[in-house]
Number of protein chains: 2
Amino acid sequence: MAKDTRLRMIETTARLLQHRGYHGTSLNDILQESGAPRGSLYFHFPGGKDQLVIEATRAAVDEATEALREALVNAKTPAQGVRAYAETAADIMRETDYTFGCPVAPVILDATAGLTELADLCRQALEDWSELLRKSFVEAGIPKRRADALALLVISSIEGALVITRAYRDCRSLTTTAAELEAAVAAALPQQRVT
Amino acid sequence: MAKDTRLRMIETTARLLQHRGYHGTSLNDILQESGAPRGSLYFHFPGGKDQLVIEATRAAVDEATEALREALVNAKTPAQGVRAYAETAADIMRETDYTFGCPVAPVILDATAGLTELADLCRQALEDWSELLRKSFVEAGIPKRRADALALLVISSIEGALVITRAYRDCRSLTTTAAELEAAVAAALPQQRVT
DNA sequence: ATAAAAATATGACGATCATCATATTATATA
DNA sequence: TATATAATATGATGATCGTCATATTTTTAT
């Protein structure tokens, strides 16, 4: 039961961060939503809010990274993998009534100056996702240069589509982007055209 | 000198909003950075912070819309127009030391629930930008369906690239995306291949 | 069973938040 | 110049922010 409270706090923090950003998420919100006892906060997280935010972001990032990896592994082609990941994101958005999204974007845009560890974490997440895509593309026979640019395009447009999906409360932007990305990646593949 | 204070407050607010989001921007910050007198705030903006935020966002959105329109008008092809706009955005990012970006993304991700007027404003902005692109694409001979999807892809990926550019403090993501988008739009054009 | 440690409870701290009432100064109109 | 209105000054409001010291309860180890 010890780690239970701690874990619940992290999960709640991750959820609120994605919904309202760093400045929009207060410790009171976290305590209330997680039902965690007030006195436990600085016991489990002596570093206060910043430590909690960092751990929550790291957890959410790891989850997203794993989902992307699985989507790429389970797909026949990287093009289909990209699309599958985007569709999964769309499902989550619908399920959560458009309150979630990317774990790093809200934190980045909240400009938590001074929190270099958090900034590094976000940058590293983007780097990891990019690397996963790049590797998948190269393995499918796409030239390195091209794979590089494509990976960036994929991450950028999914990131942006998540924002737009939030604004519209509608997944059309995400699914349309997913289809476009699938086509773009497929067009870069060397052989084996789909009938 | 009357409207001067008011205008300066709006500009400062727009700047801070893009940098730190809704919750991260306090009235004290705005007053300090704009040098505006404390007593003037609720005189010029009886609606308080919300009114100020809405007006600032509207101003920033209008500016971005105008920039996009001009980029599309001045370009030979919509493909070049898209790229030109993205390059302009990259210039601004560099000039402002990566503190700015899209006027609506930070507000959207801050989930200012209840502020329906602000949410509507952001949605309308995305709609306007999409419409500008769509029209430009259709006029260049791209089929309506295709123009629709392309416009969404362009906005999504620029939006996302701006976030990533902020994280990296480097415009590579934005310029690479710009090149990819130019190619994607160019490929959809019916005739007249560039030598 | 007892001591030690881990976890939670309680409540207060100063700082800052958005808001606003009231007073004073500047500007325009007559 | 007299007067009305616009603009700024000042300071207080209650609420909430993150933080933390201290006390109590629960769990673990002996």
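Residue numbers begin at 1 in each chain, while the letters A, B, ... track the order of the sequences. Being a predicted model, the structure only gives us computed values, none of them experimental.
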Specify the separation, in whole Å, of atom CG of A:Leu31 and atom P of D:dT19. 12 Å
Closest to the B:Asn28 side chain: D:dT8, C:dC17, D:dT19? C:dC17
Pick the nucleotide of DNA chain D nearest each of A:Tyr22 and B:Phe43; which residue has the one closer to the 5' end? B:Phe43
May I have the distance from A:Phe45 (atom CZ) to D:dC20 (atom P), rounded to whole angstrom? 16 Å
If only side-chain N and O atoms count, and only distance matters, is there a donor-acceptor pair under 3.5 Å linking B:Asp29 with B:Ser26? yes
Between B:Gln124 and B:Asp120, does any side-chain donor sit less than 3.5 Å from a side-chain acceptor? no
Output the rounded distance in Å from CG (A:Leu41) to C1' (D:dG18). 10 Å
Taking CG from B:Asp29 and P from C:dT16, how many angstroms apart are they, rounded to a whole number? 11 Å
In whole angstroms, how far is the P atom of D:dG18 from the NE2 atom of A:His44? 18 Å
OP1 or OP2 of C:dA7 less than 4.0 angstrom from a side-chain nitrogen or oxygen of A:Thr5, does that happen here? no
Determine, for B:Tyr22 and B:Lys49, whether the Lys NZ or Arg CZ falls below 6.0 Å from the six-membered ring centre while staying within 45 degrees of the axis. yes
Sorted by position of nearest nucleotide on DNA chain D, 5' first, the leading residue of A:Leu27 and A:Gly39 is A:Leu27
For B:His23 and C:dC17, is the shortest distance between a side-chain N/O and OP1 or OP2 below 4.0 Å? no
Tell me: CZ of A:Arg20 to C1' of D:dC17, nearest whole Å? 14 Å
Ignoring backbone atoms, test whether B:Ser26 places a side-chain nitrogen or oxygen under 4.0 Å from the OP1 or OP2 oxygen of C:dT16. no
Quick check on A:Glu87: does its CD atom have over 12 non-hydrogen neighbours (other residues, nucleotides or ligands) under 6.0 Å away? yes
Spacing of OG belonging to B:Ser173 relative to CZ belonging to B:Arg166, to within rounding of 0.5 Å: 13.5 Å
Roughly how many Å is it from CZ in A:Arg38 to C1' in D:dG18, rounded to a whole number? 9 Å
Phosphate-side-chain proximity, B:Tyr42 and C:dC20, N/O vs OP1/OP2 below 4.0 Å: no
